[in-house]
S.K.: 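Below is the structure I would like to discuss, written out as structure tokens.
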Amino acid sequence: MSFIAEKFSEIAPSQTLAITAAAKKMRDEGIDVASFGAGEPDLDTPQHIKDAAIEALQEGKTKYTPATGIAELKEALAAKLLVDNGIEYEPSQISINCGAKHSCYNAILACCDPEDEVIIPAPYWTSYPEMVRLAGAEPYVIETKRENGWKLTADEFEEAISGRTKMLILNSPNNPTGAVYSQEELEAIVEVAASEDILILSDEIYEKLIYNEKKHISTAALSEEAKALTITVNGFSKVYAMTGWRLGYTAAPAEIAKAISIIQSHTTSNPTSFAQYGALAALQGDQGMITDMVEEYDMRRQYMMSRLQKINNIEIVEPEGAFYFLVDTTKIGLNSMNLTEKLLSRYQVAAVPGAAFGYDMSVRLSYATSLDVIKKGLDRFEEFCHAH
Ligand SMILES: *Cc1c(COP(=O)(O)O)cnc(C)c1O
């Protein structure tokens, strides 16, 4: 017999772990691995943010805070959401959580019952289906099409709806595809959601990492109707290079915000006190670092585009946000675990297998790494593709 809860029987361990472990082992043996595996910025957290957290520690801000976060940070977030995103939220509708991953999980837990279905467009961020299962609900995955830029269409969404559908998870800009939804595309999706009373969890963590003068559109900003059925999720990890700080937030209709606050009060109590003061400094300080960071990522993105476009047995869609390329390797014909294993063992290139994102014939290449590593890695990747 097993003491492990039944609901865990369906929860898969992270598929990216095997490759990460193998790459680390090779590096420890002194092998020069070029890694496209990064899921986080390759910069350090800016100094003024660190300083604010250190100061908070030294001032003794080391105790519990309100469950959903300190008032100053919630007010600053309400102002940010209004100015940057065009959405009017009361601070009471905002909940600061231990990372945007936690924000997503809280939102799913607050809204989904065991019989509920949650629609997840694939390729998806690897944790969504497992979070839905952990919450006891059922993920319903729809494969989007490369021809549509890996974006869910309103028609595909409508077709996937059943009597049990409770929520749709949208992620724009997208990890792993870099897809950015336009206002028209989002409006069409919201129209379907509104007519069927389906919630939208809108994960906007990459909102500022956006290229080609594309504009990020927040789902909740589209209309009052959209706002009433949207839970906006965002965080500090990607845009301020604060992954280890574990701070994200939800902004939601009052009733949902209240449920999230109750869940949080009984589970984590509150996000880390002094980390919140760092986040406050991030919002209030100079935002110039973001422009510099986006310029740097864009330079790498364009370089990778120009190289990848020349390889004839792979397909890519130009990513317009985040810091990833999803390379469609259908023509190579290996499943993504075999492909990434071979790529690592024979060509010393680490990449994340598409199976982790619900699209097996692909690999994800991250450009949150230096141009030198990118150049070296692409030389090798090109050789691999030519040999297949
Ligand atoms: C990185 C990431 C997150 C979560 O980041 P946190 O570090 O938990 O704030 C959420 N969604 C997507 C799509 C991500 O890539």
Side-chain angles (χ1 to χ4, degrees), residues 14-16 20 36-45 49 69 73 77 80 94-109 118 120-132 134 139 141 144 150-152 167-181 200-210 216 218-219 231-251 260 264 267-268 271-272 275-276 278-279 282-283 293 297 319-326 352 354 356-359 364-369:
S14 167
Q15 308 200 47
T16 63
T20 316
F36 288 110
E40 61 183 339
D42 55 320
L43 318 161
D44 193 6
T45 307
I49 300 175
L73 185 53
L77 283 171
K80 180 257 175 241
I94 296 170
S95 172
I96 300 153
N97 323 109
C98 310
K101 184 177 271 187
H102 185 221
S103 310
C104 293
Y105 186 54
N106 277 347
I108 295 166
L109 210 51
V118 176
I120 303 173
Y124 49 69
W125 185 44
T126 192
S127 296
Y128 296 141
E130 308 308 347
M131 286 182 187
V132 170
L134 279 171
V141 172
T144 61
W150 301 118
K151 286 184 270 192
L152 175 73
M167 177 187 274
L168 164 70
I169 301 184
L170 272 185
N171 173 216
S172 175
N174 186 277
N175 174 8
T177 67
V180 176
Y181 285 71
I200 299 178
L201 193 163
S202 183
D203 180 348
E204 305 183 9
I205 190 104
Y206 292 101
E207 66 165 339
K208 303 217 166 161
L209 307 186
I210 199 159
H216 170 72
S218 289
T219 311
I231 303 162
T232 303
V233 168
N234 208 327
F236 299 88
S237 283
K238 308 292 160 57
V239 74
Y240 296 109
M242 291 172 70
T243 45
W245 294 61
R246 310 313 302 130
L247 285 173
Y249 53 93
T250 51
I260 289 174
Q264 193 149 290
T267 51
T268 66
T272 302
Q276 294 183 61
L283 289 177
M293 184 173 67
Y297 284 140
E320 295 193 295
F323 40 62
Y324 312 100
F325 276 83
L326 189 74
V352 182
F357 312 110
Y359 185 71
R364 189 190 74 179
L365 305 182
S366 162
Y367 49 91
T369 188

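Sequential numbering from 1 along the given sequence is applied to the chain's residues. Whatever order the structure lists them in is the order used to number ligands and atoms, beginning at 1.
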S.K.: Got a sec, which residues hit ring pair (Phe, Tyr, Trp, His ring centres under 6.0 Å) with W150, two or more places apart in sequence or on another chain?
M.R.: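 W150 satisfies ring pair (Phe, Tyr, Trp, His ring centres under 6.0 Å) with Y359 only.
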S.K.: In plain terms, say whether K151 and E320 are close enough for a salt bridge, that is, a side-chain N and a carboxylate O under 4.0 Å apart.
M.R.: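 No.
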S.K.: How are the rings of Y297 and Y367 set to each other: parallel, tilted or perpendicular (split at 30° and 60°)?
M.R.: perpendicular
S.K.: Taking all heavy atoms of P139 and all of P129, pick out the closest pair and write down the distance.
M.R.: CG-O, 3.8 Å
S.K.: In Å and rounded to the nearest 0.5 Å, what is the CD1 to CD1 distance from I169 to I108?
M.R.: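 Going from the CD1 atom of I169 to the CD1 atom of I108 covers 4.0 Å.
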S.K.: Over all heavy atoms of both residues, which pair between E130 and T126 is shortest? Give the atoms and the distance, please.
M.R.: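 So the minimum-distance heavy-atom pair works out to CG-O, 4.3 Å.
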S.K.: Between ligand 1 and the protein, tabulate every N or O atom pair separated by less than 3.5 Å, reporting distance only.
M.R.:
from: ligand 1; atom 1: 7 (O); to: S237; atom 2: OG; distance (Å): 2.6
from: ligand 1; atom 1: 7 (O); to: R246; atom 2: NH1; distance (Å): 2.7
from: ligand 1; atom 1: 8 (O); to: A100; atom 2: N; distance (Å): 3.1
from: ligand 1; atom 1: 8 (O); to: K101; atom 2: N; distance (Å): 2.9
from: ligand 1; atom 1: 8 (O); to: R246; atom 2: NH2; distance (Å): 2.7
from: ligand 1; atom 1: 9 (O); to: A100; atom 2: N; distance (Å): 2.6
from: ligand 1; atom 1: 9 (O); to: S237; atom 2: OG; distance (Å): 3.1
from: ligand 1; atom 1: 11 (N); to: D203; atom 2: OD2; distance (Å): 2.6
from: ligand 1; atom 1: 15 (O); to: N175; atom 2: ND2; distance (Å): 2.9
from: ligand 1; atom 1: 15 (O); to: Y206; atom 2: OH; distance (Å): 2.7
from: ligand 1; atom 1: 15 (O); to: K238; atom 2: NZ; distance (Å): 3.0

